[in-house]
Amino acid sequence: MFSDIAQRYDLLNHLLSANTDVAWRRRTVEAAVTGREAAILDLACGTGDLTLEIARHAAPDVQIVGADFTGPMLRIAQQKDTRTGVGWVEADGMQLPFPDGHFDLLTNAFGLRNMESLEGALHEMRRVLRPGGRMAILEFTRPDSRLLRWFYVPYFQHVLPRLAAMLSRKTAYLYLQSSVMNFPNRRELARTMQRCGFVRVRHCALSFGIAAIHIAERPTS
Ligand SMILES: C[S@@+](CC[C@H](N)C(=O)[O-])C[C@H]1O[C@@H](n2cnc3c(N)ncnc32)[C@H](O)[C@@H]1O
């Protein structure tokens, strides 16, 4: 599915979110990157917008890896990359080709919802983080406010797939709304992270709860 929409992915993201996605990624980087990391993995990096934002903020000598299992998405990321030194790797988040405890920070924007198994993916993310390392997840969620849901749900279920159908593949955006509706809300997601062995799990809502950032850590022992 992501191979089919790769060429139009960035355009649709910016258009359908009125460019809010750019601000959400920036907030994620500000919340996640301390400048003290030696190695950072952006998992499910897609066309690389979050990875490249990380490269702009991180220390110059840090190792940054952008990993995704969809070749056409990765190729667009590589085309956008003008000498940041990011390593682009084709890899499955369910079985990462990295040693245990390698990364100080792992980020993931709008990817976790798409993984085959939420808990399996979280266990694999925890494995590649060093003890004390941090994970930052940017994901869609559902707004708490009933009033907002009154606007948001019809937009998401009816308007968005129709707009997407004009510019890209409608089924991908039908999938988007069903995957968001079926994904745990942000409190449930925080509890799942704790069950998968993460500590100091905290989350903040973005744009009235349309999206959220979760930050969590691998315990030191
Ligand atoms: C909605 S896009 C998000 C891309 C990017 N992070 C962004 O912020 O725009 C989801 C990405 O997750 C990737 N993905 C889904 N499941 C994956 C998996 N098991 N392993 C690696 N990448 C995966 C897809 O290939 C796709 O590029």
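We count ligands from 1, going down the list as the structure has it; atoms in each ligand are counted the same way. Numbers here are sequence positions counted from 1.
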Can you get from [X] to [Y] by hopping between Ile, Leu, Val, Met, Phe, Trp and Tyr side chains that sit under 4.5 Å apart?
X: Ile213; Y: Val29; result: no
X: Leu138; Y: Phe140; result: yes
X: Ile210; Y: Leu12; result: yes

What are the polar N/O contacts of ligand 1 with the protein below 3.5 Å, with distances?
unit_1, atom_1, unit_2, atom_2, d
ligand 1, 6 (N), Ala44, O, 2.7
ligand 1, 6 (N), Ala109, O, 2.8
ligand 1, 8 (O), Arg25, NE, 3.0
ligand 1, 8 (O), Arg25, NH2, 3.2
ligand 1, 9 (O), Tyr9, OH, 2.7
ligand 1, 9 (O), Arg25, NH2, 2.9
ligand 1, 19 (N), Asp92, OD1, 2.8
ligand 1, 20 (N), Asp92, OD1, 3.4
ligand 1, 20 (N), Gly93, N, 2.7
ligand 1, 22 (N), Phe69, N, 3.3
ligand 1, 25 (O), Asp68, OD1, 2.6
ligand 1, 25 (O), Thr70, OG1, 2.5
ligand 1, 27 (O), Asp68, OD1, 3.3
ligand 1, 27 (O), Asp68, OD2, 2.7

| message | Let's go through Glu53 and Thr107 carefully: what are the C-alpha distance in whole Å and the side-chain angles of both, what is the deciding distance for side-chain contact (heavy atoms from CB on, under 4.5 Å) to 0.1 Å, and is it a yes or a no? | response | CA-CA 11 Å; Glu53 188 65 25; Thr107 58; over 6 Å; no
| said: If we ignore hydrogens and angles and just use 3.5 Å, is the side chain of Asp104 paired with the main-chain N or O of Ala38 as donor and acceptor? | reply: yes
| Using links of under 4.5 Å between side-chain heavy atoms of ILVMFWY residues, direct or through other members, which residues join Phe183 in one cluster? | Leu41, Leu43, Val65, Val89, Met94, Leu96, Phe98, Phe103, Leu106, Leu112, Met115, Leu118, Leu122, Met125, Val128, Leu129, Met135, Ile137, Leu189, Met193, Phe198, Val201
